[in-house]
Chemist: 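Quick one: structure below, then a few questions.
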Amino acid sequence: MAERDAVVVGAGPNGLAAAIVLARAGWSVEVFEAGETVGGGARSAELTLPGFLHDVCSAIYPLTVGTPFIPSLSLERYGLRWIHPPFPLAHPFDDGTAAVLARGFAETGESFGEPVDARAWERLFRPFSDRWMELSPDLLGPLGLPSHPFRMAHFGLVGLRGAAGLAKSRFRGFRARALFAGLAAHSFLPIEQIPTAAFGLMLGVTGHAVGWPQPEGGAQRIPDALAALLRDEGGTVHTGRLIKSLAELPRARVYLFDLTPAQLLEIEGIRWPEGYRRRLRRYRYGPGVFKLDWALSEPIPWRAEACRQAGTVHLGGPIEHVAASERAAWEGRDPTRPFTLVGQATLFDPTRAPAGKHTAWAYCHVPHGSTADFTELVENRIERFAPGFRDVVLARHTLNTAQLEAYNPNLIGGDINGGAATLAQLFTRPVARLVPYSTPDPRVYICSSSTPPSGGVHGMCGYYAATAALKSNQGDHP
Ligand SMILES: Cc1cc2nc3c(=O)[nH]c(=O)nc-3n(C[C@H](O)[C@H](O)[C@H](O)COP(=O)(O)OP(=O)(O)OC[C@H]3O[C@@H](n4cnc5c(N)ncnc54)[C@H](O)[C@@H]3O)c2cc1C
């Protein structure tokens with residue numbers, strides 16, 4: 001006899017999302033999390049000095065507000081409040097200017113300094129940004145019949161190509177090209193490769209359609225709100241429980257794992273045939289990241305004014321530099337100019353640092369498993385666009401890929417997306433099956449970012465996995 005309807009292993013955004021869907025369907029649910037707090041890749045901590053609250057992993061949430069599941073939960077009841085910086089993103093250049101991804105097309109276009117590119121940008125993005133909430137469920141899910149087939153076909157026609165080719169064919173000037181390349185680099189693939197243009201499109205569209213907000217008080221507020229809702233729905237969460245075997249868990253009708261394939265292969269007691277295990281072993285992880293956090297006496301002294309108003313700043317230089325960095329990380333070579341993302345939460349949320357003080361968050365793309373220290377390279381890169389940056393640093397904290405994996409076992413080799421987002425793996429991960437969340441052991445489901453729609457704090461993997469588990473067990477449930 002099962003003691004529980006469902007057990008979820010891992011309380012990342014996807015594990016919590018799966019648990020909420022099941023609890024709301026009337027199932028008894030227990031969650032087991034290895035860390036001392038819930039949240040996985042959405043946690044905050046005082047990493048540098050007392051009173052400075054840093055986001056250990058994720059910090060910016062276009063996909064959280066731009067996908068259907070988490071917004072449907074009304075988490076403001078649990079204290080979650082979104083802050084929208086004036087600009088989602090800025091991308092500075094050596095000449096002191098910056099390209100800007102603003103909510104509005106006019107401001108975005110103005111920053112390119114090329115009216116022809118302003119028009120081309122709007123022509124590219126507007127058809128999708130005007131209908132983003134209709135498009136996103138089709139785009140951010142497993143392969144299936146889309147509910148808006150013509151819009152999806154249009155997106156596929158534009159996005160199923162390399163970002164470098166698309167940027168060069170659509171834009172004349174270096175600013176629009178670089179802005180698009182930086183968006184596409186979130187794929188962690190060489191930007192000449194299919195489907196990097198789709199990543200550039202998707203992230204740009206979210207900037208226009210829903211913004212790139214941050215939660216007041218830090219990343220931890222998101223999983224804390226999810227866990228509070230889960231408890232209200234009758235679920236239980238245990239922390240400090242690193243699970244190595246099904247035998248450590250209560251007997252349950254189904255087990256959902258918010259884990260990636262390399263970890264799943266180590267869990268004892270799962271009944272999978274050798275063929276499925278072999279396919280899991282062949283699953284490809286992507287490049288890693290090197291993470292940095294700073295406590296600052298003042299905001300970063302950017303030369304380009306737009307960077308002081310942006311939640312995120314991409315340090316990538318022109319498209320050629322972004323391309324070289326992404327190719328190097330993908331091919332296992334240390335990039336000399338690593339593509340770097342900088343977040344500056346305290347500019348818009350003073351609750352995260354002592355009065356008048358600031359924090360900054362950054363990561364750069366590095367080879368899978370690299371243990372090199374990129375601090376010097378990243379700080380030089382910030383200094384280049386913000387002379388005097390080092391003078392405002394009070395303290396710093398860094399994590400290389402091995403330290404990230406020790407912090408959260410899902411970050412294999414520093415891969416933050418649960419596996420490479422290649423075309424072959426994007427919609428059918430981790431193994432191509434009719435329902436990729438199910439496995440050959442009918443009790444076991446996978447709900448992590450190693451399933452569609454892959455990385456990001458959106459809970460959609462958990463939502464789809466739980467929905468699949470409910471569907472397969474419809475008749476069995478009392
Ligand atoms: C540095 C960094 C920056 C990022 N920036 C962003 C961003 O700005 N915006 C964004 O949307 N996304 C960002 N991401 C990605 C995002 O954090 C992940 O895609 C997301 O957290 C994946 O959710 P998940 O639930 O699948 O896995 P995770 O969040 O990784 O959660 C998995 C959980 O399972 C637990 N676990 C693992 N093994 C076991 C075990 N054996 N037993 C029990 N528990 C276990 C882990 O402790 C963890 O809590 C970033 C990630 C990193 C690392």
Side-chain angles (χ1 to χ4, degrees), residues 7-19 31-43 54-67 70 88-89 186 188 203 206 212-215 219 222-223 226-227 237-246 248-249 255-260 262-264 266-268 286 288-293 311-312 341-343 345 361-366 398-401 403-419 421 429 446-451 453-463 465:
V7 161
V8 177
V9 176
N14 282 314
L16 291 169
V31 180
F32 292 81
E33 162 57 42
E36 293 304 327
T37 57
V38 297
R43 291 186 181 120
H54 302 276
D55 291 339
V56 187
C57 297
S58 60
I60 310 289
Y61 298 100
L63 296 179
T64 318
V65 297
T67 47
I70 291 184
L89 171 69
H186 284 249
F188 283 82
L203 280 166
T206 57
W212 288 19
Q214 58 187 54
I222 303 170
L226 289 169
V237 181
H238 308 274
T239 53
R241 297 285 301 274
L242 177 73
I243 301 303
K244 295 182 174 162
S245 163
L246 286 191
E248 297 167 37
L249 298 167
Y255 300 88
L256 292 96
F257 284 90
D258 187 6
L259 270 55
T260 78
Q263 300 153 275
L264 283 161
E266 299 294 316
I267 302 284
E268 286 171 21
V289 304
F290 184 85
K291 172 77 196 320
L292 302 101
D293 288 280
T312 304
L341 300 85
V342 180
W361 161 108
Y363 68 83
C364 65
H365 294 185
V366 303
T398 65
L399 289 167
N400 66 25
T401 66
Q403 291 162 331
L404 278 165
E405 190 175 329
Y407 167 74
N408 175 354
N410 282 42
L411 303 173
I412 306 286
D415 177 345
I416 72 171
N417 286 322
R429 56 210 274 136
I446 306 173
C447 66
S448 71
S449 59
S450 300
T451 61
S454 87
V457 173
H458 43 60
M460 296 303 292
C461 312
Y463 166 82

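We use all heavy atoms of the structure for the numbers below, so side chains are in, but hydrogens, waters and symmetry mates are not. Atoms within a ligand are numbered from 1 in the order they appear, just like the ligands themselves.
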Chemist: Does the N or O separation between Val457 and ligand 1 drop below 3.5 Å for any pair?
Modeler: yes
Chemist: Can you find a non-hydrogen atom of Leu242 under 4.0 Å from ligand 1?
Modeler: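 It does, in that a heavy atom of Leu242 comes within the 4.0 Å cut-off of ligand 1.
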Chemist: Looking only at distance, does Gly455 have an N or O less than 3.5 Å from an N or O of ligand 1?
Modeler: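 Not met; the criterion fails.
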Chemist: Contact between ligand 1 and Val9 is defined here as a heavy atom of the residue under 4.0 Å from a ligand atom; is it met?
Modeler: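 Heavy atoms of Val9 do come under 4.0 Å of ligand 1.
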Chemist: Are any of the heavy atoms in His458 under 4.0 Å away from ligand 1?
Modeler: no
Chemist: Answer yes or no: does an N/O atom from Cys447 fall short of 3.5 Å to an N/O atom of ligand 1?
Modeler: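 In this structure, Cys447 places no N or O atom under 3.5 Å from an N or O of ligand 1.
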Chemist: Look at ligand 1 and say whether Pro13 reaches it with a heavy atom at a distance under 4.0 Å.
Modeler: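 Contact check Pro13 vs ligand 1: positive.
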Chemist: Going by side chain to side chain donor-acceptor pair (under 3.5 Å), name the residues that satisfy it together with Trp361, two or more places apart in sequence or in a different chain.
Modeler: none
Chemist: Can you find an N or O of Ile243 that's nearer than 3.5 Å to an N or O of ligand 1?
Modeler: yes
Chemist: Could you list the residues that satisfy side chain to side chain donor-acceptor pair (under 3.5 Å) with His458, not counting sequence neighbours?
Modeler: none
Chemist: Does the side chain of Tyr363 come within less than 4.5 Å of Ile416's, by heavy atoms?
Modeler: yes
Chemist: Run the salt bridge (Lys or Arg N to Asp or Glu O under 4.0 Å) check on Lys291 and Glu405 step by step: do they pass?
Modeler: CA-CA 12 Å; Lys291 172 77 196 320; Glu405 190 175 329; over 6 Å; no
